[in-house]
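Only heavy atoms go into these numbers, but all of them, side chains included; no hydrogens, no water, no symmetry mates. Counting convention: from 1, in listed order, for ligands and their atoms alike.
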Amino acid sequence: MKGRTGFGLACLLIGLLLTAAGGLPEGYWDAPRATTSQAPHEWSALERNLHPEACAQCHVEQFNAWKDSLHAHAYSSGMVGQFPAMGLAEANDCLRCHAPLQEQRYRHDADMSESLRLRLQHYNGFNREADIDAVRLPLRHSGVSCAVCHVRGWQRFGPPRRGQQTERHRDAPAHGGFTAVRVFEQAQFCASCHQFPATMAINGKPLENTLTEWKESHFARDGITCQQCHMPERRHEFRGIHDVDMVRKGLRIDARLVGGKAVLTLHSRHIGHAFPTYVTPKIIVRAEARDAAGARLRQWQWEIVREVVYDHGWQELRDTRLRPGEVRRYEVGDWPQHTASIRFAIQVQPDAFYKGVYRNLLADKPDALSARHLERALRRAEDNDYMLYEQVLQPG
Ligand code: HEC
Ligand code: HEC
Ligand code: HEC
Ligand code: HEC
Ligand code: HEC
């Protein structure tokens with residue numbers, strides 16, 4: 001824990017790094033590097049340690065939220081299980097978003113196979129009480145980790161203190177203080193991993209188009225950023241479609257009988273992009289007519305999805321997603337004679353696309369290490385399906 005000397009060094013570095021207009025140092029997301037060859041010599045071992053368990057010793061609140069988020073689990077079995085068949089260069093290209101620091105890259109093939117083996121053996125999540133000196137797993141295993149967003153050239157970057165605007169270096173009794181930059185509070189901060197360039201469009205829309213969808217919505221005009229929904233009060237939760245409460249908060253759902261019809265209404269009320277924003281989830285809306293004994297007489301089904309296939313390049317098959325603010329009605333009429341009840345149900349499959357990917361890869365008989373990762377990923381993806389909504393109506 002060092003104050004003054006660290007401050008001097010920090011100011012010098014930041015003077016060099018900050019662009020004239022302020023904001024993030026140039027190239028913050030371009031082959032990002034959290035360290036330089038030499039750590040500030042007066043720093044303690046704890047200040048030099050970039051593992052999230054080290055940050056946790058002083059930033060317990062952020063750590064406790066982050067460790068349960070998907071960012072903490074971005075170095076996933078579903079991804080690394082694909083690496084042996086892809087090779088080193090392509091694997092490192094995937095790490096660009098899943099574990100992007102130069103310190104997280106694979107240096108050679110042996111590095112990669114060792115890391116895949118370790119990932120199978122040691123996967124119990126993250127624990128603040130862990131003996132920090134005994135955390136021997138490579139930094140890449142912590143995926144989109146604290147240092148990925150906050151550390152460059154040893155320096156910490158973060159948002160200005162709450163209610164303040166000034167972008168400047170601040171002294172603090174650890175890691176040479178930090179530099180406050182307002183981009184941390186802006187949607188643009190999330191774009192490097194959640195938005196593909198427009199040049200990669202398929203049917204006019206890139207596969208990842210979250211920032212553009214947001215910009216076109218009233219949330220952008222009203223100044224409601226990604227952070228306000230996904231990091232409320234700066235909590236590092238990053239909850240999304242895998243979290244039933246988050247999805248319920250985003251929608252207003254209503255089912256009722258109207259003029260001889262059963263109508264389910266879905267209103268995308270508080271989702272700052274398409275529902276869902278990616279091509280990977282699928283939402284299944286079902287209606288069933290049942291008789292008095294509960295037997296099914298007839299069924300209706302709709303799907304909310306942006307469906308793409310890869311066949312000599314990507315093609316879009318359909319896009320039935322809800323845009324921000326959109327109200328969608330699903331109507332059922334003409335039910336069979338002895339219908340006693342109509343049951344609506346909405347099921348969410350957050351990893352629908354990946355389930356297919358893992359099954360196809362497993363059918364191709366991959367090597368044993370890949371197969372163990374992919375089987376694990378498939379089980380997890382299947383377990384992630386959940387029921388969002390159920391309602392039974394009784395037509396008179
Ligand atoms: C020994 C304790 C300690 C450790 C370890 C530590 N920090 Fe800090 N950090 C602090 C203190 C103290 C501050 C100043 C807080 C303030 O003044 O609001 C701070 C400030 C920050 C800020 C700026 C917060 C803001 O208001 O914008 C960020 C970002 C940050 N630390 C990230 C990290 C990361 C990432 C790690 C791990 C790689 C880490 N810190 C490790 C003590 C620590
Ligand atoms: C531009 C950033 C980016 C790149 C590059 C990238 N991903 Fe992802 N990946 C994401 C995001 C964002 C998600 C979460 C949204 C989703 O589920 O589609 C994700 C989710 C996944 C998932 C499902 C969740 C999990 O981790 O199990 C897999 C598997 C995956 N990616 C594999 C890959 C592979 C393999 C590559 C390289 C060919 C790759 N990714 C490259 C951003 C990226
Ligand atoms: C995906 C990027 C990302 C990751 C990963 C991440 N942070 Fe943050 N962090 C942010 C953003 C963005 C903000 C500002 C949020 C806002 O202003 O609404 C922030 C704010 C902070 C702050 C200031 C909080 C406050 O109340 O003023 C601290 C401290 C911090 N992060 C530490 C950490 C630590 C420690 C970890 C790992 C356990 C971590 N962050 C992981 C993006 C990230
Ligand atoms: C360094 C790249 C990176 C940055 C920066 C980043 N993310 Fe992510 N994010 C990912 C990846 C990769 C995943 C998928 C993790 C997985 O499941 O493997 C993800 C997952 C998510 C999820 C979970 C989605 C779900 O399927 O439930 C949310 C929400 C999210 N990010 C929001 C944000 C927000 C908000 C920001 C900006 C403050 C941000 N991310 C910045 C890479 C990033
Ligand atoms: C008004 C609140 C709100 C805003 C603003 C918002 N989101 Fe979301 N986001 C949600 C809700 C609610 C969900 C869950 C439903 C869903 O998946 O669409 C979600 C889901 C997600 C997911 C899960 C994957 C998926 O396919 O849906 C990611 C990733 C994500 N948001 C990233 C972002 C990013 C990046 C931004 C800023 C460009 C952003 N969000 C802005 C509310 C918001």
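Checking atom 21 (C) of ligand 4 against the protein gives a heavy-atom contact under 4.0 Å.
Atom 8 (Fe) of ligand 5 has H230 NE2, H273 NE2 as protein N, O or S atoms under 2.8 Å away. Protein atoms that are N, O or S and lie under 2.8 Å from atom 8 (Fe) of ligand 4 are these: H71 NE2, H194 NE2.
Vertex atom 8 (Fe) of ligand 1, arms ending at NE2 of H59 and NE2 of H175: the angle is 170° after rounding to 10 degrees.
Distances from atom 42 (C) of ligand 1 to the heavy atoms of A174, S145, A172 show the closest one on A174. When M231, Q188, H98, H242 are checked for heavy-atom proximity to atom 25 (C) of ligand 4, H242 turns out nearest.
With a 4.0 Å cut-off on non-hydrogen atoms, A54 touches ligand 1 through its backbone and not its side chain. Contacts of V148 with ligand 4, taken as heavy-atom pairs under 4.0 Å, involve the side chain alone. Contact annotation for Y278 and ligand 4: no heavy atom of the residue comes within less than 4.0 Å of the ligand. No part of Q57 comes within 4.0 Å of ligand 1, judged by heavy-atom distances. Residue-level proximity to ligand 1 for F157 is carried by the backbone, the only part with a heavy atom below 4.0 angstrom. Looking at H51 against ligand 1, nothing comes within 4.0 Å, counting heavy atoms. With a 4.0 Å cut-off on non-hydrogen atoms, C55 touches ligand 1 through its backbone as well as its side chain. For P159, heavy-atom contacts with ligand 1 shorter than 4.0 Å involve the backbone as well as the side chain.
The shell of residues lying under 4.0 angstrom from ligand 5, judged by heavy atoms, includes H270. Every heavy atom of E47 sits 4.0 Å or more from the atoms of ligand 1. Within the structure, ligand 5 lacks S217 among the residues with a heavy atom less than 4.0 angstrom away. The shortest heavy-atom distance from T280 to ligand 5 is not under 4.0 Å. F184 does not count as a contact of ligand 4, since none of its heavy atoms falls under 4.0 Å from the ligand. Under a 4.0 Å heavy-atom criterion, P100 is in contact with ligand 4. Distances shorter than 4.0 angstrom do not occur between any heavy atom of R96 and any atom of ligand 4.
A side-chain contact (heavy atoms from CB on, under 4.5 Å) with I346 is found for one member of I283, I284, V247 and no other, namely I283.
Of all the atoms in ligand 5, the ones that sit under 4.0 Å from a non-hydrogen atom of F219 are 1 (C).
At the top of the distance list for atom 11 (C) of ligand 5, counting protein heavy atoms only, stands M246 CE, 3.8 Å. In terms of protein heavy-atom proximity, atom 18 (O) of ligand 5 is nearest to F275 CD1, 3.3 Å. With respect to atom 23 (C) of ligand 5, the closest heavy atom belonging to the protein is I241 N, 3.8 Å.
D68 and H73 share no side-chain donor-acceptor pair at under 3.5 Å. Under 3.5 Å, the side chains of H373 and S77 contain a donor-acceptor pair of N or O atoms.
In summary, the aromatic rings of F238 and H230 are positioned with their centroids too far apart to meet the 6.0 Å limit. You'll find the ring centres of F157 and Y28 inside the 6.0 Å limit.
Cation-pi check for R286 over W302 is not met; the charged atom does not lie both under 6.0 angstrom from the ring centroid and within 45 degrees of its normal.
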